[in-house]
Every structure is written in C-alpha cells, then in structure tokens.
Amino acid sequence: MLREYLTVESVSGPLVVVGKTENIKYAELVEVEFSDGAVRRGKVLEISEDKALVQMFEGTLGLDVAGSKVRFLGRTQELAVSPDLVGRIFDGAGRPADKGPDIIAAKRLDINGNPINPSSRAYPSEFIQTGVSTIDGMNPLVRGQKLPIFSAAGLPHARLAAQIARQAKVLGKNEAFAVVFAAMGITFEESDFFIRGFRDTGAIERSTLFINLANDPAIERISTPRLALTCAEYLAFDLDMHVLVILVDMTFYCESLREISAARKEIPGRRGYPGYLYTDLATLYERAGRIKGKPGSITLLPVLTMPEDDKTHPIPDLTGYITEGQIILSRELHRKGIYPPVDVLPSLSRLKDKGIGSQKTREDHSDVLNQLFACYAKGKEARELAVILGEAALSDLDKLYLKFASNFEDSFVRQEESEERSIEETLGIGWSLLREIPRQELKRIREDYLNRYYAVE
C-alpha cells in the first residue's frame, strides 16, 4: 500500500528524515519525488516514533525540503527470479545490464533472506574441482563450504576469482551446476575484464553476474551480495542446482557499511567499522550451505583485500571466524612472477578431509597433501637458514628440501591462467615432486600408496 508524505524535515548527505510517519517498516523501499519531478529511490534505515530515516540510493543533490514528496512503497527490495536468470548480467541493484529484457518473474523474493537453520544443515562432503592445483590439491573446496580468499592490494585475486568461476565443477556427476558472480566497487576496466572472460570462454551460459561499479551508490553495494545470494538460493533450493557464489571484493562492501554507519552518526567499533560488522557478515555467509532433503547446494567463495596486508584487520579477522578456512595470497610469490600466488602454508580448508579420498578424488589424496605440506615447510625453513648461514652450511638433506621448495613453487603452485588441471594431474605433479625426496623421508604416506605411486614415472 502506497503512502505519500510531504513532511521532509531535514537532509544530511545521503540521509533524509521524514516526519509524521505511520506504519513504516524497516528496509522498506522509498521513492522521493523532487520538486522538479525527478524521482529517486531509497530505503528505510531507521524508524523512531513518528519519524523515518531514509538512505537515498542516488544521492540528495537538488532535494528541496519544502517541495518534495516521499512515497513509501510498502515492500522491501525484491529480486524477480526465474530460470532465465542464468546467462544474464545485472547491475548492483538487480537491473539488466546486458541490454536483455527484464526477467519475467516466476516469483519475487526478499533479498534479505535468512541464514540456514543449523539443525537443517547437511554436512558438506562433495569435492568441487576448481582446476587450480593449490586449491584442489592442498586446500580442497567442498560443496556447501564457505572458503574465503584473503588477498591484498595489487595481487591478482580478480584473475583467480574469474578463473575459478570459469573452471569450477562437481566431479563425476551430471547435476546442474551454476556460478553466481557478484562484484562490488570495481572499476569499469575490471568489470569489462570479468564480462569478457565469461563471454569468451562460454562460461556465461551457466553464470549470473551482478556488477556494482566504484561510482555506483554505496547503499547499492550493500544490496549486491544479497541479490547474488537470493539468486543462488532460488537456483539451489528451487531448481535443485549446485551453485558456486563468488563475491568480489568484500572489503568494498564493508567500507560501504562503515560509510553508512558514519552518516548515521553511530558509535564506531574497531577501525571505525560499525559494531555489528560481525553480525552483518554472518547474515551473508550463513546463507550458504546444504539443506537436509534438498539436492541443491550453495558454496561460497568470498574474496577480500586485507588493508595493509594485515590478517588481524577486522574484515579478514571476522570473516575467518565465520567461514571454514581461508586461501591466502602471497606478495612474495607474486614478486617472483608466480601465478596464482597462493601461500599454501597459512592457507587452510577446514572441511578438506570430508571432501577427498576414494570415490571423491583419489585414495592417496590426503597422504599426498600432508606430505607435500610437510616437505614444503621444511624447504622454507632451509631457505631461511640459507639466508642466515649460507647454502654451504646446509646438510645434504636440507639442500634437497631447499630444491624441493623451489620446484614446488615452480611446477605445483605456478599455473597458467587458462590452464585447468584435473585432480589426477594435480596429484601426478605432487608425486613427481615427492620422488625428489628419499623414500624413507616420506613418513606421512602409507606404505601401500608408496608402493603404488612412488616408483611410477
């Protein structure tokens, strides 16, 4: 039910205070008609007695307090959903951005959604192959998991996210698989890179893109991941698809939250971010997962840039508490020209053991993973010793591990952006590296696997 008011009391930046209001709902959509006839949109941020605080999507420049009308639309922001969402590109507000027609809605869903009830969650247990060895081999992604990528300014997280979006698949099944890709606060150049990448490889046919540019309103950036997750929920739980959701860059989302919080004059928390940042991120991340009795699933891969490369910054810190591990990109590897510069030692997938092994990847996967990790860690230690004492001071075994670390980075970590490795190829590279180490040193691999794979060239 539309309600129209002529009682704009004040304007402060993107915020408009409307007085003498009745029966207004939180997050309700609003249209503000300026005195010159222009109409701009917003939504209710706060309700207090007979006043409503409205956040404008498109700014308040030119808003005349005396001559403007405010219409409350009686509904929250919704997304029109149908199977036709797949293969389309939308802006950060859910409007078509690919010159295609509007979606004819099978239904309309509130974008705010709800986190999955813990009692109805099914445990993630099926491997998703991304085609990237450092993820598939060392930190596997499991269907229904939340696995963030922690990056930093200047690192190629956008290229890695686009590569995963193009290559990801559930192994050994013919079930429908889709990618929902949401980009927040990116430049036009980055937007063009993502769209061209999806179109040139044909991945657009199984993908839905939501693109919010850096010059779009901050409030729109708050809606973009919610639109993406609403789309994913429809595809997963109504159409029984397996959906991978990639959100780039969650840091820009959190900056928008801080901007809006400052405009509302809220008491800031750590580093000026609102005190409810953890809760807000949890309402997004916890919408991913699997539900008992439903074949579909949502797997979430949020990407964020750590300000000043600081893992203790509130955004990566709080994200790490909510999600099930993290993939960390290394500036040191990037300086060496290695792509993707994934640092496997601090990276972690807490659900990896549930998604690998016989009939999922291969029976030796877990042992190979642990042995590669141990050998690479020893190689890095030997590298540090060589810097301090000189390589001549190292034992013969230490020199083997030092060489192993370099070969591991050059052949296992290093990968072409267009190169898609199967899990068999990844494990094959792993075994070829382990053959450089004396058999008696491979104490994390069972004897029968050593007999089967170690001597095989």
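The figures here come from the full heavy-atom set of this structure, side chains too, leaving out hydrogens, waters and symmetry mates.
- At least one side-chain heavy atom of Lys352 sits less than 4.5 Å from a side-chain heavy atom of Leu348.
- Taking all atoms of both residues into account, the shortest heavy-atom contact from Leu300 to Ala288 is CB-CB, 3.7 Å.
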Q. Side chain to side chain contact (heavy atoms under 4.5 Å, CB included) between Asp216 and Asp91: does it pass, once the steps are laid out?
A. CA-CA 9 Å; Asp216 289 333; Asp91 67 11; 5.6 Å; no
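- Side chains of Asp136 and Arg421 form no contact here, defined as non-hydrogen atoms less than 4.5 Å apart.
- Side chain to side chain, Thr230 and Arg287 meet the donor-acceptor criterion of an N or O pair below 3.5 Å.
- A salt bridge links Arg121 with Glu286: the distance from a Lys NZ or Arg NE/NH1/NH2 to an Asp or Glu carboxylate oxygen falls below 4.0 Å.
- A donor-acceptor pair under 3.5 Å links the side-chain atoms of Glu28 to the main chain of Lys25, judged by distance alone.
- Ring centers of His313 and Phe150: at least 6.0 Å apart, outside the cut-off.
- Under the 4.5 Å side-chain criterion, counting only non-hydrogen atoms from C-beta, Leu85 is in contact with Ile103.
- Neither side chain, Thr312 nor Asp317, offers a donor N or O lying under 3.5 Å from an acceptor on the other.
- At distances below 3.5 Å, not a single donor-acceptor pair connects side-chain atoms of Gln55 with backbone N or O atoms of Lys43.
- Ion pairing between a basic and an acidic side chain is recognised when a charged N comes within 4.0 Å of a carboxylate O; Glu332 and Arg335 show no such pairing.
- Other residues, nucleotides and ligands contribute at most 12 non-hydrogen atoms within 6.0 Å of the NZ atom of Lys294.
- Expressed to the nearest 0.5 Å, how far CD of Glu255 lies from CG of Asp249 amounts to 9.5 Å.
- Annotation: cation-pi geometry not satisfied between Arg206 and Phe198 (NZ/CZ under 6.0 angstrom from ring centroid, within 45° of ring axis).
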Q.
Would Leu109 and Ile111 count as a side chain to side chain contact (heavy atoms under 4.5 Å, CB included) here? Give the steps.
A. CA-CA 6 Å; Leu109 298 177; Ile111 69 165; over 6 Å; no
Q: Carefully, step by step, assess Met138 and Phe412 under the rule side chain to side chain contact (heavy atoms under 4.5 Å, CB included).
A: CA-CA 10 Å; Met138 304 298 289; Phe412 192 93; 3.7 Å; yes
Q.
I'd like to know whether Tyr449 forms a ring pair (Phe, Tyr, Trp, His ring centres under 6.0 Å) with His365, so could you lay out the CA-CA distance, the side-chain angles of the two residues, the decisive distance to 0.1 Å, and finally the verdict.
A. CA-CA 10 Å; Tyr449 296 155; His365 190 164; over 10 Å; no
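- The pair Asp364-Arg446 does not meet the salt-bridge criterion, since no charged nitrogen lies less than 4.0 angstrom from a carboxylate oxygen.
- In this structure, the side chains of Pro225 and Met184 come closer than 4.5 Å at one or more pairs of heavy atoms.
- What you find for Ser349 and Pro140 is that their closest heavy atoms are OG-O, 2.6 Å.
- In this structure, Ser151 contributes its side chain and Leu329 its backbone to no donor-acceptor pair below 3.5 Å.
- Counted within 6.0 Å of OH on Tyr276, heavy atoms from surrounding residues, nucleotides or ligands total more than 12; the atom is thus considered enclosed.
- For the pair Arg435 (side chain) and Tyr453 (backbone), a donor-acceptor distance under 3.5 Å is present.
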Q. After noting the C-alpha distance and the side-chain angles of Val132 and Gln167, does the key distance pass the side chain to side chain contact (heavy atoms under 4.5 Å, CB included) rule?
A. CA-CA 9 Å; Val132 179; Gln167 297 177 174; 4.3 Å; yes
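- Taking the six-membered ring for Trp, Phe194 and Phe181 have ring centres closer than 6.0 Å.
- Residues Leu244 and Val180 are not in side-chain contact: their nearest non-hydrogen atoms beyond the backbone lie 4.5 Å or more apart.
- Lys378 has its side chain within reach of Glu441: a pair of non-hydrogen atoms, C-beta onward, lies under 4.5 Å apart.
- At a cut-off of 3.5 Å, with distance as the only test, a side-chain donor of Arg143 or Ser297 sits close to an acceptor on the other residue.
- Ring-plane geometry between Tyr454 and Trp431 is classed as perpendicular, the angle between the planes exceeding 60 degrees on a 0 to 90 degree scale with a lower cut at 30.
- Using modelled atom types and a 3.5 Å distance limit, the side chains of Tyr234 and Ser82 yield no donor-acceptor pair.
- Under the 3.5 Å distance criterion, the side-chain polar atoms of Arg350 are left unmatched by any main-chain donor or acceptor of Leu147.
- Around CD of Glu205, the count of heavy atoms belonging to other residues, nucleotides or ligands within 6.0 Å does not exceed 12.
- Lys354 NZ: 12 or fewer foreign heavy atoms inside a 6.0 Å radius.
- Within 6.0 Å of the CZ atom in Arg414, the count of heavy atoms belonging to other residues, nucleotides or ligands exceeds 12.
- Between the side chains of Glu409 and Tyr376, at least one donor N or O lies within less than 3.5 Å of an accepting N or O.
- Salt-bridge formation is not detected for the pair Glu436/Lys403: no Lys NZ or Arg NE/NH1/NH2 atom is positioned less than 4.0 Å from an Asp or Glu carboxylate oxygen.
- Residues Gln129 and Ser422 have side chains that never bring a donor and an acceptor to within less than 3.5 angstrom of each other.
- Contacts classified as salt bridge (Lys or Arg N to Asp or Glu O under 4.0 Å) and involving residues 177-195 (residues at least two apart or in different chains) are given here: Asp192-Arg196.
- Looking at Thr299 and Gln145, their side chains never bring a donor and an acceptor atom within 3.5 Å of each other.
- Under the 3.5 Å distance criterion, the side-chain polar atoms of Gln415 are matched with a main-chain donor or acceptor of Gly131.
- Checked by atom type, the side-chain pair Glu46/Tyr26 shows no donor-acceptor distance below 3.5 Å.
- Remark: the backbone N or O of Ile328 is not paired with any side-chain donor or acceptor of Asp343 at under 3.5 angstrom.
- No side-chain donor from either of Asp110 and Gln77 sits under 3.5 Å from a side-chain acceptor of the other.
- Side-chain contact check for Leu433 versus Cys375: every heavy-atom pair is 4.5 Å or farther apart.
- Across all non-hydrogen atoms, the minimal contact from Leu434 to Leu442 is O-CD1, 3.9 Å.
- Of all the heavy atoms in Pro295 and His242, the pair that sits closest is O-CE1, 3.0 Å.
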Could you list the donor-acceptor pairs under 3.5 angstrom formed between side-chain atoms of residues 387-400 and any protein atom two or more places apart in sequence or on another chain?
unit_1	atom_1	unit_2	atom_2	d
Ser395	OG	Asp398	N	3.1
Ser395	OG	Asp398	OD2	3.3

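- Looking at heavy atoms from C-beta onward, Val342 lies in side-chain contact with Ser347 at the 4.5 angstrom threshold.
- Listed for the Glu324 side chain is a donor-acceptor partner under 3.5 Å among the backbone atoms of Lys146.
- Among all heavy-atom pairs drawn from Gly92 and Leu227, the shortest one is O-CD1, 3.1 Å.
- For Arg166 (side chain) and Ala161 (main-chain N/O), no donor-acceptor pair under 3.5 Å exists by modelled atom type.
- Looking at Asn139, its side chain never comes within 3.5 Å of a backbone N or O of Ile135 through a donor-acceptor pair.
- Phe90 and Phe210 have parallel rings, their planes meeting at less than 30° on a 0 to 90° scale where 60° marks the start of perpendicular.
- The heavy-atom pair separating Met306 from Pro316 by the smallest distance is CG-CG, 3.8 Å.
- Sorted by first and then second residue, the salt bridge (Lys or Arg N to Asp or Glu O under 4.0 Å) pairs with a member in residues 221-231 read Arg226-Asp280; sequence neighbours excluded.
- Of the candidates Leu304, Asn212, Leu281, Tyr253 forms a side chain to side chain contact (heavy atoms under 4.5 Å, CB included) with just one, namely Leu281.
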